[in-house]
Amino acid sequence: MQIRLDKLLADCGYGTRSEVKNKIRKKEVTINGTIAVKPEQKVNPGTDSICCGGKRLVYEPFSTFLFYKPAGCVTARTDKKEKTVMDYFPDSMRKSHVPVGRLDKDTEGILLITNDGVLNHRLLSPSYHVDKTYYAIVDAPVPEEAAEYFLKGVDIGDEKPCLPAKLEILPQTAEHSVYAAKLTICEGRFHQVKRMFAAAGCKVLHLKRLTFAGLTLEGLEKGSYRKLTEEEVADLMQMASLKNERD
């Protein structure tokens, strides 16, 4: 696979197109030991040895990040009025990477960002049953029978009922006096969690996604992100039935 040198460097995080072109002009980039002179030069990242600033470039065609989305930003690549989740990432990633699914503006929690379109599609498809767990604070006690109701597949007004979901009603304590519950689903319909609780007679006041495909927010602050490890990516590939297809 051949790709323009300036695009490759930008995609790998060495700066914007104009910034990497400047690096090339300053003779900071080499290809197989020879100083690069043309930003538009085609290279093969799989076979060519490319260095920038003395460091060898490691090219990955796909990359996935775990992001702790804060409330108040929209899940979109760009927006003329609102701050987006991609505003927390370098400019070089805003054209190549997209969020996996959506979280409402007022919802916080775990969100994956990737440039792997096939993986993105499969992680969101109900066919692959990828679990997502949410913590919800609601305005009234969640009825005990809601757990069985959700497990059978609750009707939220769509053409088909929701797929079976696991509900855990959290007890009230002196330290945790709100009405709250955890809900695990394996699909992602429009406002699904809020509509499911509404079907049980509760309004969601606060919503946070705790897990996605077994991944958690451990070690992350709101608005921060990290790249997934090779093992974590392999697990996602396994869930999406992509591991054997790409081996």
Show, in sequence, the C-alpha distance, side-chain angles and deciding distance for Val37 and Lys27, and conclude whether the side chain to side chain contact (heavy atoms under 4.5 Å, CB included) test is met.
CA-CA 7 Å; Val37 294; Lys27 300 181 179 181; over 6 Å; no
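- When side chains are defined from C-beta on, Leu220 does not count as touching Ile110, because their heavy atoms never get closer than 4.5 Å.
- Judged by distance alone, the side chain of Asp87 and the main-chain N or O of Thr84 form a donor-acceptor pair under 3.5 Å.
- Distance check, rounded to the nearest 0.5 Å: CG of Leu183 to CD1 of Ile169 gives 11.0 Å.
- Within the model, atoms NE2 of His129 and CD of Glu187 stand 9.0 Å from one another, a figure rounded to the nearest 0.5 Å.
- Scanning both residues, Leu119 and Ala240, for their nearest heavy atoms gives CD1-CB, 3.9 Å.
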With side chain to side chain contact (heavy atoms under 4.5 Å, CB included) as the test, would you mind laying out the steps for Phe89 and His97 before giving the verdict?
CA-CA 10 Å; Phe89 290 82; His97 289 67; over 6 Å; no
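- Proximity of Arg77 to Val85: side-chain heavy atoms (C-beta onward) are nowhere separated by under 4.5 Å.
- Of all heavy-atom pairs spanning Leu217 and Gly109, the tightest one is CD1-CA, 4.0 Å.
- For Tyr225 and Tyr88, the distance between ring centers is not under 6.0 angstrom.
- With 3.5 Å as the limit, one finds no donor-acceptor pair spanning the side chains of Thr216 and Thr211.
- In terms of modelled atom types and a separation under 3.5 Å, the side chain of Gln238 and the main chain of Asp235 share no donor-acceptor contact.
- For the side chain to side chain contact (heavy atoms under 4.5 Å, CB included) with Ser63, the lone residue among Asn115, Thr114, Ile113 that qualifies is Asn115.
- Comment: Lys160 does not engage Asp155 in a salt bridge, judged by the lack of any side-chain N to carboxylate O separation of less than 4.0 angstrom.
- Side-chain atoms of Leu9 and Lys21, non-hydrogen and from C-beta on, never get closer than 4.5 Å to each other.
- A salt bridge links Arg4 with Asp6: at least one charged nitrogen is closer than 4.0 Å to a carboxylate oxygen.
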Working for salt bridge (charged side-chain N to carboxylate O under 4.0 Å, His left out), residues Arg226 and Glu232
CA-CA 12 Å; Arg226 67 172 178 82; Glu232 289 169 334; 2.8 Å; yes
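- Proximity of Leu57 to Tyr14: side-chain heavy atoms (C-beta onward) are separated by under 4.5 Å at one or more points.
- Heavy-atom contacts from other residues, nucleotides or ligands closer than 6.0 Å to CD of Glu148 number 12 or fewer.
- For Asp139 (side chain) and Lys203 (main-chain N/O), a donor-acceptor pair under 3.5 Å exists by modelled atom type.
- Residues Val130 and Cys186 fail the side-chain proximity criterion, which asks for heavy atoms closer than 4.5 Å.
- Rounded to the nearest 0.5 angstrom, Ser49 OG and Asn44 CG are separated by 12.0 Å.
- Both Met237 and Val100 are part of a single hydrophobic cluster, where members link through side-chain heavy atoms under 4.5 Å apart.
- One finds a salt bridge joining Lys194 and Asp106 here, because a Lys/Arg side-chain nitrogen approaches an Asp/Glu carboxylate oxygen to under 4.0 Å.
- Between the side chain of Glu108 and the backbone N or O of Arg209, no donor-acceptor pair lies under 3.5 Å.
- Put simply, the side chain of Ser177 never gets that close to the backbone of Ala174: no donor and acceptor are under 3.5 Å apart.
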When you look at Leu210 and Lys182, which way does the side chain to side chain contact (heavy atoms under 4.5 Å, CB included) test go after all the steps?
CA-CA 9 Å; Leu210 302 175; Lys182 289 182 181 179; 4.0 Å; yes
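- By the 4.5 Å heavy-atom criterion applied to side chains, Ile156 and Cys162 are counted as neighbours.
- Between Thr16 and Ala10 the shortest heavy-atom distance is C-CB, 4.4 Å.
- Note that CD of Gln192 is 8.0 Å distant from NZ of Lys132, once rounded to the nearest 0.5 Å.
- Following chains of ILVMFWY side-chain contacts shorter than 4.5 Å, one cannot reach Leu103 starting from Leu112, and the two form parts of different hydrophobic clusters.
- Minimum heavy-atom separation, Gly101 to Thr75: O-CG2, 3.4 Å.
- Using a 4.5 Å cut-off between side-chain heavy atoms of Ile, Leu, Val, Met, Phe, Trp and Tyr, with links allowed through other members, Tyr128 and Val233 fall into the same hydrophobic cluster.
- Rounding to the nearest 0.5 Å places CG of Asp48 at 8.0 Å from CD of Gln2.
- Taking 4.0 Å as the cut-off between side-chain N and carboxylate O, Lys166 and Glu168 do not count as a salt-bridged pair.
- The OG atom of Ser127 lies 7.5 Å from the NE2 atom of His121; values are rounded to the nearest 0.5 Å.
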Test log, rule side chain to side chain contact (heavy atoms under 4.5 Å, CB included), inputs Thr30 and Ile50
CA-CA 6 Å; Thr30 62; Ile50 302 162; over 6 Å; no
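- More than 12 heavy atoms of other residues, nucleotides or ligands lie within 6.0 Å of NE2 in His206, so this atom counts as buried by the packing criterion.
- Nearest heavy-atom pair across Cys202 and Pro143 is SG-CD, 4.2 Å.
- Judged by distance alone, with hydrogens and angles left aside, the side-chain atoms of Asp104 form no donor-acceptor pair with the main-chain N or O of Thr107 at under 3.5 Å.
- With hydrophobic clusters built from ILVMFWY side chains whose heavy atoms lie under 4.5 angstrom apart, Tyr68 does not share a cluster with Tyr135.
- By the 4.5 Å heavy-atom criterion applied to side chains, Gln172 and Val178 are not counted as neighbours.
- Counting only distance, with no hydrogens or angles, the side chain of Arg195 and the backbone of Phe190 share a donor-acceptor pair below 3.5 Å.
- A pairwise comparison of heavy atoms in Asn32 and Thr47 identifies OD1-O, 4.5 Å as the closest pair.
- Tyr59 and Met93 are assigned to two separate hydrophobic clusters, defined by single-linkage of ILVMFWY side chains at heavy-atom distances under 4.5 Å.
- Residues Tyr134 and Lys208 form no side-chain contact, since every pair of their non-hydrogen atoms from C-beta on lies 4.5 Å or further apart.
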Passes salt bridge (charged side-chain N to carboxylate O under 4.0 Å, His left out), Lys23 versus Glu19? Steps please.
CA-CA 6 Å; Lys23 292 179 187 292; Glu19 288 171 342; over 6 Å; no
